[in-house]
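Contents: one structure, followed by commentary.
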2 protein chains.
Amino acid sequence: MGELRESKKRETRQRISDVATALFFERGFDAVTIDDVAAAAKVSKPTVFNYFARKEDLFLDRQDDVRVLLREALGGKAKGEAPVDALRRLVDRLHHEKHPFARIDGETVGWWRVVAASPSLQARLREIGDEAVEALAGELAGPKVDGAARLAAGMFVLTWRTAYGEAIRVFERTASAKKASTAFLALIDRGFAAARALD
Amino acid sequence: MGELRESKKRETRQRISDVATALFFERGFDAVTIDDVAAAAKVSKPTVFNYFARKEDLFLDRQDDVRVLLREALGGKAKGEAPVDALRRLVDRLHHEKHPFARIDGETVGWWRVVAASPSLQARLREIGDEAVEALAGELAGPKVDGAARLAAGMFVLTWRTAYGEAIRVFERTASAKKASTAFLALIDRGFAAARALD
DNA sequence: CTTGAAACTTATACTAGGTCAAAAATTGTC
DNA sequence: GACAATTTTTGACCTAGTATAAGTTTCAAG
């Protein structure tokens, strides 16, 4: 059944990803070329693109997680529970689990510095955000997604993005993960309160 | 003092823009190369980039308008008037003036179709949106922009974008500019109501 | 009207992301 | 071990965007 084949592919993919990430942290995203990555991972350029559709995906390969988390948060919510409450619980859960999406510390900030220095990574992040909005709108409204659902979904994603960005800023200013967390959750609450006012 | 020079530049810039827009409508954004544009406008490729920093700017050259409109709406607001009210008045004004930012008709939809078919135009549009958020946050909060201001600004931009997108969808479905307008204003009101709940 | 400086445009060449087709190597199955 | 399927590679190609240096046009001053 192609076990060896599968594991080799996983290995190759992983090697490319690891090598690329290391290079990006070292030199910055834009200063590293695909040829650099390919050479360091000992594969050819087309092979890199065989595993990662865009250069940005070498650094941002958590997009699928977003969809999964949203779905399981909304799918697993108690009957009658408002979506906004289920999402609020998701934030708390991820925050307690120190999930990188909901927690700022030295590591996340290192990651963010790479992003902040690269316009194309930021562009890709915006794109992922919009995809998340569409996915979330689908979860919220079922098959018939309308403007109201998109607006609600947009508010969650916007709130998350804004809270995350603010937390980074606070961390960089104060070097305190605690203060960053507080700022993060405060903005989350603010945004979610506004989202509640939508209906 | 260089009158002829100035007018020639204006002319060249305009010619490039017109020629490019026509080509984009004709063949789609991605199917037209900068070389095509340069040849059709009878200039060289570097000259095109001399006037437009990116290819996308050949089609989206209203970014400055956004900043100007926001500034004059918030600058000219009556003392004591809430920013949200001033922005709401801006929407109404643009809508009545049939400004493309706030009105959907056959022409806007033609423009939108070009955008919808091009990932890079959509990416640039997202970027412009984020720039608008930063600018608006600055207008709202003065020199010290904080997370709350960014969240508020983000909500306005999100609401506008979402309302605009929904209006396009309605127009394409019903072919009625009136229904599109109604959908647009309904979502604007919805989003602005939520934004009011922020404080 | 000439001349020299400044601004604009050009040709040319280059970098880098990304794609494509076909050859070559590797693995799975008979 | 031979044949089929899949992966990888090679190498060529396209396009956006940039740098450089040379050519052209406009301007202002003599």
Side-chain angles (χ1 to χ4, degrees), chain A residues 1-17 19-21 23-24 27-61 114-115 117-127, chain B residues 1-17 19-21 23-24 27-61 114-115 117-127:
Chain A
M1 310 94 187
E3 190 42 50
L4 191 124
R5 189 156 252 163
E6 288 300 317
S7 80
K8 266 209 171 179
K9 277 179 69 176
R10 267 196 309 269
E11 221 176 89
T12 305
R13 191 196 148 93
Q14 194 59 48
R15 194 174 67 248
I16 295 172
S17 175
V19 149
T21 302
L23 285 175
F24 294 151
R27 295 193 238 151
F29 186 78
D30 296 314
V32 176
T33 71
I34 298 283
D35 282 322
D36 293 338
V37 174
K42 307 196 174 177
V43 295
S44 69
K45 183 165 72 150
T47 299
V48 175
F49 282 110
N50 186 27
Y51 287 101
F52 301 89
R54 308 181 198 37
K55 186 189 179 189
E56 289 76 29
D57 294 344
L58 285 165
F59 198 68
L60 307 172
D61 54 350
V114 177
V115 173
S118 160
S120 60
L121 279 178
Q122 287 170 66
R124 180 66 181 129
L125 266 189
R126 279 191 288 266
E127 193 182 350
Chain B
M1 312 105 189
E3 190 40 53
L4 183 91
R5 191 158 251 165
E6 287 303 314
S7 81
K8 266 206 171 182
K9 278 178 68 174
R10 266 196 309 269
E11 222 176 89
T12 303
R13 191 195 149 91
Q14 194 60 44
R15 192 173 70 247
I16 294 172
S17 175
V19 150
T21 302
L23 285 175
F24 294 149
R27 295 192 236 150
F29 184 78
D30 297 314
V32 176
T33 71
I34 299 283
D35 281 322
D36 292 338
V37 174
K42 307 198 174 174
V43 295
S44 68
K45 184 164 72 150
T47 298
V48 174
F49 282 111
N50 185 28
Y51 286 101
F52 301 89
R54 304 179 198 58
K55 186 188 177 189
E56 289 76 29
D57 295 344
L58 285 165
F59 199 66
L60 307 172
D61 53 350
V114 176
V115 173
S118 161
S120 59
L121 279 178
Q122 286 169 66
R124 180 65 182 130
L125 223 40
R126 278 191 289 267
E127 193 184 349

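Excluded from the calculations below are hydrogen atoms, water molecules and symmetry mates; all remaining heavy atoms, backbone and side chain alike, are included.
Checked against ring-ring contact (aromatic ring centres under 6.0 Å, His included), B/Phe29 has the following partners two or more places apart in sequence or in another chain: B/Phe24. Residues passing the salt bridge (charged side-chain N to carboxylate O under 4.0 Å, His left out) test with A/Glu56, sequence neighbours excluded: none. With sequence neighbours excluded, no residue forms a side chain to side chain donor-acceptor pair (under 3.5 Å) with A/Arg15. Every residue two or more places apart in sequence or in another chain that forms a side-chain contact (heavy atoms from CB on, under 4.5 Å) with A/Arg13 is listed here: A/Tyr51, A/Phe52. Applying the side chain to side chain donor-acceptor pair (under 3.5 Å) test to A/Arg27 and every residue at least two apart in sequence or in another chain returns A/Asp36.
Residue B/Asn50 has no polar side-chain atom (N or O) positioned under 4.0 Å from OP1 or OP2 of C/dC8. One finds no side-chain N or O of A/Tyr51 lying less than 4.0 angstrom from the OP1 or OP2 phosphate oxygen of D/dT7. Not one side-chain nitrogen or oxygen of B/Lys8 sits closer than 4.0 Å to the OP1 or OP2 atom of D/dT25.
What separates CD of B/Glu11 from P of D/dT25 is a distance of 15 Å, to the nearest Å. Rounding to whole angstrom units, CD1 of residue B/Ile16 and P of C/dC8 are separated by 13 Å. As rounded to whole Å, 12 Å separates atom P of D/dT8 from atom CZ of A/Arg13.
Place B/Thr47 and A/Pro46 on DNA chain C by their nearest nucleotides, and B/Thr47 ends up nearer the 5' end.
Of the inter-residue distances, the one linking A/Asp61 atom CG with A/Thr21 atom OG1 reads 7.0 Å to the nearest 0.5 angstrom.
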I'd like a table of atom pairs between the protein and nucleotides 16-18 of chain C - only N or O on both sides, under 3.5 Å - with the distance next to each one.
residue : atom : partner : partner atom : Å
C/dG17  : OP1  : A/Lys55 : NZ           : 3.0
C/dG17  : OP2  : A/Ile34 : N            : 3.1
C/dG18  : OP2  : A/Lys55 : N            : 2.8
C/dG18  : N7   : A/Lys45 : NZ           : 3.0
C/dG18  : O6   : A/Lys45 : NZ           : 2.7

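Side-chain atoms of A/Thr12 lie closest to D/dT8 of the nucleotides D/dT8, C/dA11, C/dC8.
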